[in-house]
Amino acid sequence: MKKIAILGSTGSIGTQTLEVARENGDIEITGLAAGSNIALLEKQIREFTPKLAAVWSEEKAQGLRMRVADTNTEIVSGMDGLLEVSTLGDTEILVTAVVGMIGIRPTIEAIKAGKDIALANKETLVTAGHIIMPLAGEKRVSILPVDSEHSAIFQSLQGNEPKAVHKILLTASGGPFRGKKEEELMEIRVEDALKHPNWSMGQKITIDSSTMVNKGLEVIEAKWLFGVDVDHVQVVVQPQSIIHSMVEYVDGAVMAQLGTPDMKLPIQYALYYPQRRYLPGERLDFLSLGKLDFEKPDMDTFYGLKLAYEAGRAGGSLPTVFNAANELAVRMFLNREIKFLEIVEIIEDCMKAHQNIENPSLQQILDVETATYDRIRSRR
Ligand code: NDP
Ligand code: MG
């Protein structure tokens with residue numbers, strides 16, 4: 001039995017990870033952590049019988065404690081609870097599927113405790129990649145990508161020498177507003193932005209996909225996962241989301257991973273790497289597909305992507321500003337406090353105002369996050 005714990009078990013990636021565990025039948029769930037959906041967490045506790053489950057608020061944890069008093073699962077709460085689930089004794093792999101840079105401390109502590117990380121939570125790597133990657137090397141733990149593009153890159157790297165990589169071709173669907181210009185984006189409503197053409201995902205990443213900030217985060221994520229600078233990561237729009245990403249080698253060969261859009265493939269690949277397992281589901285049928293399209297990303301309209309390159313190139317604390325500003329701006333957009341185009345305007349404003357800190361410590365990253373939030377709130 002493979003022993004895994006999941007942070008964000010009630011979310012899109014979390015529930016699909018549990019489906020993979022259910023379908024394979026040889027995974028033991030040691031710990032689960034969720035934000036507030038205790039009804040679903042209770043079901044998961046009853047089905048998967050983890051030793052420990054964490055809920056963010058202590059009040060909700062108390063409610064859950066009563067509901068599952070007849071089970072052997074201990075309920076914990078807050079950041080301490082998240083850290084406990086992340087470092088549980090016999091866990092082999094921690095799946096990080098919480099949303100946002102709240103995942104930084106749990107990820108760091110899990111690595112220190114020797115856990116391999118199946119990483120979905122890209123915001124953590126974007127803001128603290130310079131801490132996490134060397135630490136993972138030192139502790140000899142693997143950071144296994146769950147993000148579909150990065151899994152595709154990882155799969156395309158198998159059997160090849162890292163030094164033979166010429167560049168990474170990161171594919172993008174272009175999101176629901178591909179081809180639109182600024183004038184057409186002014187009155188975009190939350191409901192419009194939540195309609196992704198190819199993937200069903202959590203709300204935050206769906207909005208990120210509609211602004212292309214998600215692709216920007218992924219460029220920086222690729223920088224850390226694969227040790228390349230951002231200018232060796234080229235974004236290619238592939239609207240059908242069939243080519244999940246590619247690697248070009250020095251001899252001109254391009255290796256790609258293709259498939260129907262299904263997150264269970266990268267999740268399962270991360271959990272069983274280097275093994276490939278049967279995965280039920282729709283198969284790619286090239287004859288009915290007919291053709292694949294490619295486009296250049298429109299970085300003038302979707303300039304959040306351009307800002308991500310800037311942040312990734314500069315490094316230091318600028319990626320934290322990029323990410324934190326986006327996290328709060330997306331929350332405000334979802335709460336209908338700001339307009340769609342203001343998301344990226346806010347990111348740009350925060351980046352312009354920031355004094356970059358080279359090689360920031362964990363505390364400095366968290367302070368920059370707070371300062372970024374304060375700036376956004378004080379200006380509205
Ligand atoms: P969801 O919003 O669907 O799920 C987020 C999960 O995190 C939920 O289980 C939520 O709990 C939990 N959570 C939120 N806040 C806390 C907290 N303070 N403490 C503990 N748990 C918390 O997000 P996704 O699954 O879509 O995304 C998760 C991560 O994976 C993101 O970083 C995203 O960018 C990345 N990713 C997602 C993909 C996808 O297909 N969805 C693809 C590639 C990457 P609750 O709901 O109970 O409040
Ligand atoms: Mg992705």
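Just so we're clear, the structure is a prediction, and the values are computed from it rather than from any experiment. In listed order, ligands and their atoms are each counted from 1.
Near A97, with a cut-off below 4.0 Å to any heavy atom, the atoms of ligand 1 are 5 (C), 6 (C), 7 (O), 28 (C). With ligand atoms numbered from 1 in the order given, ligand 1 contributes 31 (C), 32 (O), 34 (O) to contacts under 4.0 Å with heavy atoms of E123.
Around the Mg ion (ligand 2), protein atoms of type N, O or S found under 2.8 Å number 3.
Polar contact check, A33 against ligand 1: no nitrogen or oxygen pair lies under 3.5 Å apart. Between T10 and ligand 1, at least one pair of N/O atoms sits closer than 3.5 Å. The shortest N or O to N or O distance between S148 and ligand 1 is not under 3.5 Å. Residue Q203 has no N or O atom closer than 3.5 Å to an N or O atom of ligand 1. The shortest N or O to N or O distance between I13 and ligand 1 is under 3.5 Å. For L82, no nitrogen or oxygen atom sits less than 3.5 Å from a nitrogen or oxygen atom of ligand 1, counting backbone and side chain alike. Considering backbone and side-chain N/O atoms, G202 comes within less than 3.5 Å of an N/O atom of ligand 1. Below 3.5 Å of separation, one finds no N or O of W56 facing any N or O of ligand 1.
At the top of the distance list for atom 43 (C) of ligand 1, counting protein heavy atoms only, stands D147 OD1, 3.1 Å. The protein heavy-atom contact nearest to atom 20 (C) of ligand 1 is A34 O, 3.3 Å. Residue, atom and distance of the protein heavy atom nearest to atom 34 (O) of ligand 1 are K122 CE, 3.3 Å. Ranking protein heavy atoms by distance to atom 11 (O) of ligand 1, first place goes to G35 N, 2.8 Å. Among protein heavy atoms, atom 36 (N) of ligand 1 sits closest to I205 CD1, 3.6 Å. In terms of protein heavy-atom proximity, atom 3 (O) of ligand 1 is closest to S12 N, 2.8 Å. With respect to atom 48 (O) of ligand 1, the closest heavy atom belonging to the protein is S36 N, 2.9 Å. Among protein heavy atoms, atom 35 (C) of ligand 1 sits closest to A120 O, 3.1 Å.
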- Item | Criterion side chain to side chain donor-acceptor pair (under 3.5 Å) on T171 and Q238, from CA distance to verdict | CA-CA 6 Å; T171 54; Q238 203 288 286; 5.9 Å; no

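Cation-pi contact between R331 and Y373: present, with separation from the ring centre below 6.0 Å and deviation from the ring axis of at most 45°.
Proximity of M201 to ligand 1, defined as any heavy-atom pair under 4.0 Å, is shared by backbone and side chain alike. In I102, the part holding a heavy atom less than 4.0 Å from any atom of ligand 1 is the side chain. Contacts of N37 with ligand 1, taken as heavy-atom pairs under 4.0 Å, involve both backbone and side chain.
Considering only residues two or more places apart in sequence or on other chains, Y272 meets the ring-ring contact (aromatic ring centres under 6.0 Å, His included) condition with none of them. By the side-chain hydrogen bond (donor to acceptor under 3.5 Å, both in side chains) test, K296 pairs with no residue at all, sequence neighbours left out.
Checked by atom type and distance alone, the side chain of D116 never pairs as donor or acceptor with a backbone atom of L144 at under 3.5 Å. The backbone N or O of E282 lies less than 3.5 Å from a partner atom in the side chain of T260, making a donor-acceptor pair. Checked by atom type and distance alone, the side chain of S317 pairs as donor or acceptor with a backbone atom of I357 at under 3.5 Å. In terms of modelled atom types and a separation under 3.5 Å, the side chain of E337 and the main chain of F333 share no donor-acceptor contact.
The heavy atom nearest to atom 7 (O) of ligand 1, considering only T206, V85, V98, T17, is found in V98.
Within a 6.0 Å sphere centred on CE of M1, other residues, nucleotides and ligands contribute more than 12 heavy atoms.
Summarising the geometry of H130 relative to P360, their closest heavy-atom pair is NE2-O, 2.8 Å, with the distance given to 0.1 Å.
Using a 4.5 Å cut-off on side-chain heavy atoms (C-beta onward), M246 and L170 make no contact. T17 is listed as a side-chain neighbour of L271, based on a closest heavy-atom distance under 4.5 Å. Using a 4.5 Å cut-off on side-chain heavy atoms (C-beta onward), P239 and S173 make no contact.
Side-chain rings of F154 and F226 stay apart, their centers remaining 6.0 Å or farther from each other.
One distance of note links CG of L334 with CE of M332; it measures 11.5 Å at 0.5 Å rounding.
Under 4.0 Å is where a charged nitrogen must lie from a carboxylate oxygen, and between E345 and K339 no such pair does.
Legend: salt bridge (Lys or Arg N to Asp or Glu O under 4.0 Å) pairs involving residues 78-95, not counting sequence neighbours, sorted by first then second residue: K51-D90.
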